[in-house]
Amino acid sequence: MTDFKPHTVWLVGAGPGDPDLLTRKAERVLALADVVFHDALVGPGVLELVGPGARLVPVGKRAGRHSRSQAAIDRMIVAAALAGQRVVRLKGGDPAIFARTAEELAACRAAGIPVRICPGITAASAAAASLAVPLTLRGEARALTFMTAHACAGEGADIDWKALADPQATLAIYMGKAMAGHIAHQLIAAGLDPATPVALVENASLPGERRFHSRLDLLPIAARSVLGHGPAVILIGPALEAARVPQSGPDLASERPLAAGAP
Ligand code: SAH
């Protein structure tokens with residue numbers, strides 16, 4: 001049985017949005033919390049599971065708009081735990097994937113506060129489930145890489161595109177909408193087949209979920225023209241071939257492909 005003493009912190013994965021995709025441990029910890037510091041991406045259905053007496057504090061960051069700095073979030077968590085509260089830091093998806101968990105763990109440990117992690121279903125897993133495809137495929141997709149497109153934005157970002165352009169792997173790109181064109185161009189330039197299957201899933205597991213199938217050379221057009229304002233994950237690789245079933249949205253096959261070598 002999950003134990004939650006005062007003066008402690010749980011870093012909890014809220015999953016992709018659908019409260020049915022939460023772990024039982026997360027549900028139990030949420031019910032016991034005195035205060036819950038949550039991301040903007042945590043679904044409303046999940047927040048309803050927080051106990052009635054608990055304080056809900058949004059500390060969300062969305063697409064570059066930082067409502068609070070990471071250091072401020074670290075300080076708030078630590079201060080609440082030092083004050084004797086049962087503290088939950090509730091994060092979208094899995095706390096181990098692109099979630100600033102290292103900073104929060106370090107801040108708690110530096111203050112002598114016991115901190116534990118409850119895993120969650122990450123966006124790529126939820127997207128694959130919605131598409132009804134696997135992320136690995138025997139003999140065809142033998143590795144899975146989680147990548148944040150934010151890594152490409154920095155000047156001189158040191159990305160090994162040759163390694164990422166592995167035809168026998170699946171690439172799961174988070175926070176990738178704005179950089180989709182750059183990523184497709186770099187992968188094709190590094191040798192990945194322009195016809196490699198691609199899937200885009202927006203609002204995976206949420207009521208506004210949208211799924212699109214495309215190919216690598218059409219990814220820039222797809223990301224620009226079909227995605228809305230919700231969080232979206234981009235999946236690239238042979239395992240996505242099976243996602244090529246009729247889905248909602250415009251038919252991108254008639255659009256002009258991105259030529260290899262185009263900017
Ligand atoms: N820790 C989270 C990732 C946080 S980074 C996880 O494990 O899922 C935020 C990015 O995750 C978003 O920009 C988007 O790329 C992806 N994401 C989060 N929730 C999503 C959802 N419901 N549908 C599609 N992508 C999602």
Side-chain angles (χ1 to χ4, degrees), residues 10-23 25-26 36-47 58-68 70 73 88-105 117-133 135 144-153 170-184 198-214 219 222-224 226-237 240 243 247-249:
W10 272 93
L11 307 182
V12 176
D18 177 355
D20 282 354
L21 292 178
L22 203 65
T23 61
K25 186 187 283 285
V36 177
F37 297 98
H38 66 90
D39 280 357
L41 283 181
V42 172
V46 174
L47 295 179
V59 292
K61 299 174 218 153
R62 282 303 315 273
R65 274 189 291 118
H66 288 233
S67 55
R68 284 205 172 77
Q70 185 60 45
I73 296 171
V88 166
R89 173 72 178 101
L90 186 60
K91 296 160 172 293
D94 181 34
I97 297 178
F98 308 132
R100 307 295 294 264
T101 285
E103 288 93 325
E104 293 168 12
L105 286 172
I117 298 179
C118 174
I121 293 180
T122 192
S125 298
S130 294
L131 292 160
V133 295
L135 289 171
L144 168 62
T145 303
F146 295 96
M147 175 186 179
T148 164
H150 279 183
C152 325
T170 302
L171 199 51
I173 302 172
Y174 289 62
M175 297 172 270
K177 272 194 285 190
M179 297 301 290
H182 178 72
I183 291 166
V198 166
L200 302 92
V201 182
E202 184 174 30
N203 290 316
S205 89
L206 289 162
E209 177 180 287
R210 294 159 79 221
R211 303 178 296 267
F212 303 97
H213 182 271
S214 189
L219 172 60
R224 255 201 327 271
V226 299
L227 292 178
H229 296 294
V233 70
I234 300 168
L235 302 172
I236 301 173
L240 281 309
Q247 301 285 0
S248 58

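Numbering starts at 1 and runs along the sequence shown. Indexing begins at 1, ligand by ligand and atom by atom, following the structure's order.
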Straight-line distance of Arg89 CZ to Asp39 CG, nearest 0.5 Å | 4.5 Å

Could you tell me which atoms of ligand 1, counted from 1 in the order shown, lie closer than 4.0 angstrom to a heavy atom of Val233?
-> 24 (C), 25 (N)

Looking at Ala204, Gly43, Gly230, the heavy atom closest to atom 21 (C) of ligand 1 belongs to Ala204

First locate atom CG of Leu144, then atom OG of Ser125, and finally report the distance between them rounded to the nearest 0.5 Å.
-> 8.0 Å

What do you reckon, does Val201 have a nitrogen or oxygen under 3.5 Å from a nitrogen or oxygen of ligand 1?
-> no

Any N or O of Glu202 that comes nearer than 3.5 Å to an N or O of ligand 1?
-> no

If you measure from each heavy atom of Gly17 to ligand 1, is any distance below 4.0 Å?
-> no

Look at atom 13 (O) of ligand 1 and say which protein heavy atom is nearest, naming residue and atom and giving the distance to 0.1 Å.
-> Met175 CG, 3.2 Å

Can you find a pair of side-chain heavy atoms, one from Leu105 and one from Ile117, that are under 4.5 Å apart?
-> yes

Where is the nearest protein heavy atom to atom 26 (C) of ligand 1: which residue, which atom, and how far?
-> Ala123 CB, 3.4 Å

Inter-residue atom distance Leu200.CG - Ile234.CD1, 0.5 Å rounding | 5.0 Å

How many angstroms lie between CG in Leu219 and NE2 in His182, if you round to the nearest 0.5 Å?
-> 12.5 Å

So, do Leu206 and Pro16 sit near enough that their side-chain heavy atoms are less than 4.5 Å apart?
-> no

Closest to atom 3 (C) of ligand 1 among Val42, Asp18, Ile97 (heavy-atom distance) = Ile97

Could you give the distance from CZ (Phe146) to CG (Leu171), rounded to the nearest 0.5 Å?
-> 10.5 Å

Looking at side-chain heavy atoms only, is the closest gap between Phe37 and Leu90 below 4.5 Å?
-> no

Indicate, as side chain, backbone, both or neither, the part of Ala232 found under 4.0 angstrom from ligand 1 when only non-hydrogen atoms are considered.
-> backbone

Which protein heavy atom lies closest to atom 11 (O) of ligand 1, and at what distance to 0.1 Å?
-> Tyr174 CD2, 3.3 Å

Quick look: Thr148 vs ligand 1, heavy-atom contacts under 4.0 Å, and the answer is neither

Would a 4.5 Å heavy-atom cut-off, applied to side chains only, mark Lys91 and His38 as touching?
-> no

Shortest protein heavy-atom distance from atom 24 (C) of ligand 1, along with the residue and atom involved | Pro231 O, 3.3 Å

What is the nearest protein non-hydrogen atom to atom 4 (C) of ligand 1, stated with its residue, atom name and distance?
-> Phe98 O, 3.4 Å

What is the closest protein heavy atom to atom 7 (O) of ligand 1, and at what distance does it sit?
-> Thr122 OG1, 2.6 Å

Would you check whether Gly92 reaches within less than 4.0 Å of ligand 1, judged by its heavy atoms?
-> yes

Rounded to the nearest 0.5 Å, how far does CG of Leu235 lie from NE2 of His213?
-> 10.5 Å

